[in-house]
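The structure presented is a predicted model; accordingly, all values stated were derived computationally and were not measured. Lettering follows sequence order; numbering is per chain, from 1.
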Number of protein chains: 2
Amino acid sequence: METRRRILEIARELFAAQGYAGTSIAHIAGRLGTTKAALYYHFDSKAEILSALVEEPLAAFAKLAESKAAPEELLAAVIDTTGTYLNTAEALGSDPSVRLVLKERAQELGADEINAAIVATLAGPRPSVKRRVRAHAAYAVAKHSTLALGEVGPRERAEILAAALRALDES
Amino acid sequence: METRRRILEIARELFAAQGYAGTSIAHIAGRLGTTKAALYYHFDSKAEILSALVEEPLAAFAKLAESKAAPEELLAAVIDTTGTYLNTAEALGSDPSVRLVLKERAQELGADEINAAIVATLAGPRPSVKRRVRAHAAYAVAKHSTLALGEVGPRERAEILAAALRALDES
DNA sequence: GTCTATAAGACGATAGAC
DNA sequence: GTCTATCGTCTTATAGAC
C-alpha cells in the first residue's frame, strides 16, 4: 500500500509536467525504480492511475458544486479546496487529455459541469448579463489567483476572498 | 497555401479536444482527408504545426507583457487579446505537453513568463502582499472570465473590465 | 511483489513513385 | 502535392518465472 502511494505521487508530478497523454507507464516505472510490469500489479491500466489521482479532489469540488451556500462561504470554500488540492487541481481543469479520459469513463461530474454549477449558484436565479459576468469574475478570482499564488496563507486567503467579493459586487 | 491553413485549423480543434500529445499526425491527416505523408509536405514535424499555431497569439501576449500601460488599459488589452485568440488561448496556457514543446524550442517568451510580467506590471514596484494578491485577482478576472464566457460582446467586455478594476481596487 | 520477455499495435518520420 | 510502403521506435498491456 506504500508503493501505491508512491506511484500516485510520481504520476502526479509527471502528469503535471508533461501531461497525461505525454507521460508513459515506462517513464513512471523508471522514476519508481522498478519495471512496467510491477506497476501493473498495483493498477490495472494507465487510466486507473489517473482516476485514483483525481478521485478525492474531484469529489471535493463536486460537493462544492452541490452546495447552495451564500456567495461569501461558497467563494471561501472554493479558495480552500483549490488550495488543498493545489498540486492536482492544475492538471484537473487544464490538460485536455485528462478531461478526455475522465469523460470517457463518465466517472462522476465533469470539471466543466462543476465549474458551471458553482458559477450558476453565484449568479443566482435568472441572472442578468451583469450578474452572470460578475459571477464568472468572482469565481475566476477565487480559483485562479489561488492557483497562481501557489501557497495561500491566511493573509493571502483573506485578500483573495475580499477581491472575489468586490468582483461579485452584490451591493 | 490553402491546405496549410486547413491543417492548422484541424490541428487547433484536435489539440484543444485531446491535447497536443494526445493527437497523432494520422488523426489530423484522417480529418484532412489525406495521408500522413501529404502532411509532411506542408510541415517538417508535428512540433512545427504547434509552433505555427501559437506564433501569432503568443506574439500578441508577449507584446502585452512588455507594455507598461496603466492598469485599466492593460486589463482591457488582456480581455481583448484573450477574446481575439479565444480558440488557441485555451491550449496555450493549459496543455502541459504544449508548454513542454514550446519550452524545448525556447521559441520566445513562455506563457508563464508572460503571465508573470503582466501581473508584475499590475502590482507595481516592490508590491505588498495585498498589492500582489490584488494584481493576481485582477488578471484572473480579465483572462479567465473572458475564456469562460466564450464570446465577449461590448456589454460583457465592459462588465469584465469593471470587475477586474474592482478586484484590483487601486483607490 | 517484482522480474524478463514479448505481444500487438500506434507513433513520428522518410523514400521514392506518380 | 499526394500517394504507397516502410523503418525504427515507443506505446499499453500481458504471460509466466521467481
Side-chain angles (χ1 to χ4, degrees), chain A residues 1-55 88 91 95-107, chain B residues 1-55 88 91 95-107:
Chain A
M1 273 300 142
E2 163 64 16
T3 306
R4 198 186 143 94
R5 258 195 61 259
R6 283 187 55 218
I7 292 172
L8 290 175
E9 169 68 16
I10 292 167
R12 191 180 57 69
E13 284 177 33
L14 293 180
F15 290 170
Q18 312 170 343
Y20 171 77
T23 303
S24 69
I25 296 287
H27 200 156
I28 299 176
R31 277 251 196 140
L32 188 64
T34 63
T35 62
K36 293 179 289 171
L39 235 152
Y40 277 97
Y41 172 82
H42 296 279
F43 292 94
D44 283 343
S45 70
K46 187 187 171 187
E48 211 181 66
I49 298 178
L50 177 63
S51 290
L53 205 55
V54 300
E55 192 187 356
T88 32
D95 188 345
S97 56
V98 167
R99 305 166 87 108
L100 198 65
V101 171
L102 296 182
K103 195 152 287 176
E104 278 168 3
R105 304 206 132 199
Q107 190 162 275
Chain B
M1 274 297 141
E2 164 63 15
T3 306
R4 198 187 143 94
R5 256 195 61 261
R6 282 187 55 219
I7 292 172
L8 289 176
E9 169 68 15
I10 291 167
R12 192 180 56 71
E13 285 177 31
L14 293 180
F15 289 171
Q18 311 170 344
Y20 171 76
T23 303
S24 69
I25 297 286
H27 200 155
I28 298 176
R31 278 252 197 138
L32 188 64
T34 63
T35 62
K36 291 181 291 172
L39 234 152
Y40 277 96
Y41 172 82
H42 297 278
F43 293 93
D44 285 342
S45 69
K46 188 187 172 187
E48 211 182 66
I49 299 178
L50 177 62
S51 289
L53 205 54
V54 301
E55 192 186 356
T88 31
D95 187 345
S97 56
V98 167
R99 304 166 87 110
L100 198 65
V101 171
L102 295 182
K103 195 151 290 178
E104 278 168 4
R105 305 205 131 199
Q107 191 163 272

Chemist: May I ask you to establish whether A:K46 and A:Y40 are in a cation-pi arrangement, using a distance under 6.0 Å from NZ or CZ to the six-membered ring centre and at most 45° from the ring axis?
Modeler: no
Chemist: Starting at CD of A:E48 and ending at C1' of D:dA13, how long is that distance when rounded to a whole Å?
Modeler: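 The answer, rounded to whole Å, is 13 Å.
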Chemist: Assess whether a salt bridge exists between B:E9 and B:R12, defined as any Lys/Arg side-chain N lying under 4.0 Å from an Asp/Glu carboxylate O.
Modeler: yes
Chemist: Have a look at B:T35 and say if it touches a base, only the backbone sugar-phosphate, or nothing, with a 4.0 Å heavy-atom cut-off.
Modeler: base
Chemist: Which pair of non-hydrogen atoms, one from B:A16 and one from A:P96, has the smallest distance, and what is that distance?
Modeler: O-CB, 3.5 Å
Chemist: Below 4.0 angstrom, N of the basic side chain to O of the carboxylate: do A:R5 and A:E2 qualify?
Modeler: yes
Chemist: Show your working on side-chain contact (heavy atoms from CB on, under 4.5 Å) between A:T34 and A:L39 and close with a plain yes or no.
Modeler: CA-CA 8 Å; A:T34 63; A:L39 235 152; 5.5 Å; no
Chemist: Taking B:D95 for the side chain and A:D95 for the main chain, is one N or O donor matched with an acceptor at less than 3.5 Å?
Modeler: no
Chemist: Hey, what do you get for CE (A:M1) to NE2 (A:H42), rounding to the nearest 0.5 Å?
Modeler: 9.0 Å
Chemist: Are a donor atom and an acceptor atom from the side chains of B:R105 and B:S51 found within less than 3.5 Å of each other?
Modeler: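 Checked: B:R105/B:S51 side chains pair up, N/O donor to acceptor below 3.5 Å.
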Chemist: List the protein contact pattern of nucleotides 5-12 of chain D with one symbol per nucleotide (5' to 3'): B for base contact, S for sugar-phosphate-only contact, - for none; contact means a heavy-atom distance under 4.0 Å.
Modeler: ------SB
Chemist: With a strict under 4.0 Å distance from non-hydrogen atoms of chain B, what nucleotide opens and what nucleotide closes the contacted stretch of DNA chain C, reading 5' to 3'?
Modeler: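 The contact span of chain B on DNA chain C goes from C:dC11 to C:dA15.
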